[in-house]
Amino acid sequence: MYPILFRLGSLNIYAYGFFVAIGFLLGFFIAVRRGREEGIPFEKMVDLLFCIVLSAIIGSRLLFVLTDLDHFREYPLQVFKVWEGGLVFYGGLILAIAVSITYLRWNRLPVWKFGDISAISIALGLFFGRIGCFFAGCCYGKETSWPWGITFTDPNSLARLNFSLHPTQIYEALGSLAIFLFLDWKKRRKVFDGQIFWLFLLFYAVIRFIIEFFRDDPRGFLFGEVLSTSQGIGIFLAIASLFMLFYLKREQRRS
C-alpha cells in the first residue's frame with residue numbers, strides 16, 4: 001500500500017510507526033481512564049504503562065530478529081529500524097507480561113486487576129498496529145484468487161509485489177477489533193479479576209492460529225515447518241488461558 005504515509009521536507013513519516021503510535025496513545029488513554037474508575041493511583045498506572053510499552057517494543061523486535069537471524073547478521077543496523085515494520089506481537093506480549101508482573105509484585109499491586117485493564121488497551125492497539133502492517137506491507141499473506149485479494153505495488157513495501165495476496169493484516173485487525181469490542185462490553189460483567197486478561201489471550205491465540213495458515217512472510221517454524229512459531233506459542237497460551245480461567249473462577253467461588 002503506502003509504507004511512507006507522507007513526507008515533511010526530507011523527513012519520511014512511515015505508516016507503520018504512525019499507526020502503532022496512534023494505537024499506543026489510545027490504549028494509554030483508555031487504560032488510564034479505566035484505572036481511575038478502579039481507584040488505581042494515576043502515577044502507578046502511568047509507570048506500568050511505560051514499562052509495558054518499552055518492554056513490548058523490545059520483546060516484539062527481538063523475536064522478529066530471531067525469526068530472521070541470517071538477514072540481520074548481514075544487515076545488523078536494520079535491527080533498530082522498527083518504524084519500517086517488523087514486530088512480532090507474541091515476543092512483546094511475553095516480555096511485557098514478565099516485566100508487568102515483576103513491577104506489580106514489587107509494588108504490591110493487584111496483578112489481575114491491572115491485567116484486565118491492560119488487555120482491553122492491547123486489543124485496541126493491535127487493531128491500529130495491524131492497519132500499520134497493512135500500509136507497510138509486512139505480515140503479508142499467501143497468493144489468492146479470492147475477490148478481496150490485495151496487490152502491493154509500492155517498491156518500498158515489505159510485501160511481495162504484483163501478486164494478489166490474502167490481506168492477512170486486515171484479517172487480524174478485524175479480529176482484534178472484535179476482541180476489543182467484546183472485552184469492553186464484558187469488563188463490567190466479569191465474574192473475577194483476571195477474566196478479561198485471560199479471555200483476551202485465549203481469543204487472540206485462536207484468531208492468530210487460524211490467520212497464520214494464510215500468511216506467507218518469513219516468521220520462523222517449528223516441528224519441521226508443521227507450525228509457525230506464533231502457532232506454537234498460541235497453542236501454549238490457549239491452554240494456559242483455559243487453565244487460568246477455570247482456576248481463577250474456582251478460587252473466586254472458594255473465597
Show your working on side-chain contact (heavy atoms from CB on, under 4.5 Å) between D47 and N107 and close with a plain yes or no. CA-CA 11 Å; D47 289 345; N107 289 277; over 6 Å; no

Neighbour count >12 (heavy atoms, 6.0 Å) for atom [atom1], [X]:
X: K186; atom1: NZ; result: yes
X: Y2; atom1: OH; result: no
X: R189; atom1: CZ; result: yes
X: F6; atom1: CZ; result: yes
X: F213; atom1: CZ; result: yes

Got a sec, which residues hit salt bridge (Lys or Arg N to Asp or Glu O under 4.0 Å) with E38, two or more places apart in sequence or on another chain? R34, K113

Set of residues satisfying salt bridge (Lys or Arg N to Asp or Glu O under 4.0 Å) with respect to R188, sequence neighbours excluded: E37

Going from [atom1] on [X] to [atom2] on [Y], what distance comes out if it is rounded to the nearest 0.5 angstrom?
X: N12; Y: L5; atom1: CG; atom2: CG; answer: 11.0 Å
X: F236; Y: L201; atom1: CZ; atom2: CG; answer: 10.5 Å
X: I131; Y: E172; atom1: CD1; atom2: CD; answer: 11.0 Å
X: S230; Y: L63; atom1: OG; atom2: CG; answer: 7.0 Å
X: L93; Y: I97; atom1: CG; atom2: CD1; answer: 4.0 Å
X: I210; Y: E212; atom1: CD1; atom2: CD; answer: 11.5 Å

Sub-4.5 Å side-chain heavy-atom contact between [X] and [Y]:
X: C139; Y: R130; value: yes
X: R7; Y: I13; value: no
X: F134; Y: I150; value: yes
X: I4; Y: Y14; value: yes
X: F114; Y: I101; value: no
X: I170; Y: T168; value: no
X: L183; Y: I120; value: yes
X: L245; Y: L202; value: yes

Are Y204 and F89 close enough that their ring centres sit under 6.0 Å apart? yes

Are F19 and F135 an aromatic pair, judged by ring center distance below 6.0 Å? yes

Can you check whether A123's main-chain N or O pairs, donor with acceptor, with S176's side chain at less than 3.5 Å? no

Hey, is the main chain of N156 close enough, under 3.5 Å, to the side chain of D154 for a donor-acceptor pair? yes

Determine, step by step, whether L126 and I179 satisfy the side-chain contact (heavy atoms from CB on, under 4.5 Å) criterion, reporting the C-alpha distance in whole Å, the side-chain angles of both residues, the deciding distance to 0.1 Å, and the verdict. CA-CA 10 Å; L126 264 172; I179 293 174; over 6 Å; no

Least distance between heavy atoms, [X] atom then [Y] atom:
X: G149; Y: P167; value: CA-CD, 4.5 Å
X: L104; Y: P110; value: CD1-O, 4.4 Å
X: F197; Y: A119; value: CA-CB, 3.8 Å
X: S60; Y: I57; value: OG-O, 3.2 Å
X: S55; Y: A96; value: OG-CA, 3.3 Å
X: A205; Y: G234; value: CB-O, 3.5 Å

Does the side-chain hydrogen bond (donor to acceptor under 3.5 Å, both in side chains) test come out yes or no for Y171 and W148, once each step is laid out? CA-CA 11 Å; Y171 296 165; W148 54 80; 2.8 Å; yes

Residues that, via side-chain heavy atoms closer than 4.5 angstrom, fall in one hydrophobic cluster with W106: none

What residues join L54 in its hydrophobic cluster, counting side-chain heavy atom gaps under 4.5 Å, either direct or through other members? F50, I58, L95, V99

Shared ILVMFWY cluster between [X] and [Y], side chains joined below 4.5 angstrom?
X: L26; Y: L174; answer: yes
X: M45; Y: L25; answer: no
X: L248; Y: F246; answer: no
X: W146; Y: F152; answer: yes

Audit row: K249, R254, side-chain contact (heavy atoms from CB on, under 4.5 Å) steps and yes/no: CA-CA 9 Å; K249 186 175 183 179; R254 286 181 177 179; over 6 Å; no

Using the rule given for ring pair (Phe, Tyr, Trp, His ring centres under 6.0 Å), can you reason through F180 versus F127, listing the C-alpha separation, both sets of side-chain angles and the distance that settles it, and then say yes or no? CA-CA 9 Å; F180 165 75; F127 167 72; 8.7 Å; no

If the threshold is 4.0 Å, N to carboxylate O, is there a salt bridge linking D116 and K190? yes

Just to verify, what does I235 make a side chain to side chain contact (heavy atoms under 4.5 Å, CB included) with, not counting sequence neighbours? F209, L227, I239

Let's go through Y103 and L109 carefully: what are the C-alpha distance in whole Å and the side-chain angles of both, what is the deciding distance for side-chain contact (heavy atoms from CB on, under 4.5 Å) to 0.1 Å, and is it a yes or a no? CA-CA 8 Å; Y103 173 87; L109 295 169; 4.2 Å; yes

Quick one: which residue pairs count as a side chain to side chain donor-acceptor pair (under 3.5 Å) with a foot in residues 134-143, not counting sequence neighbours? E143-R160

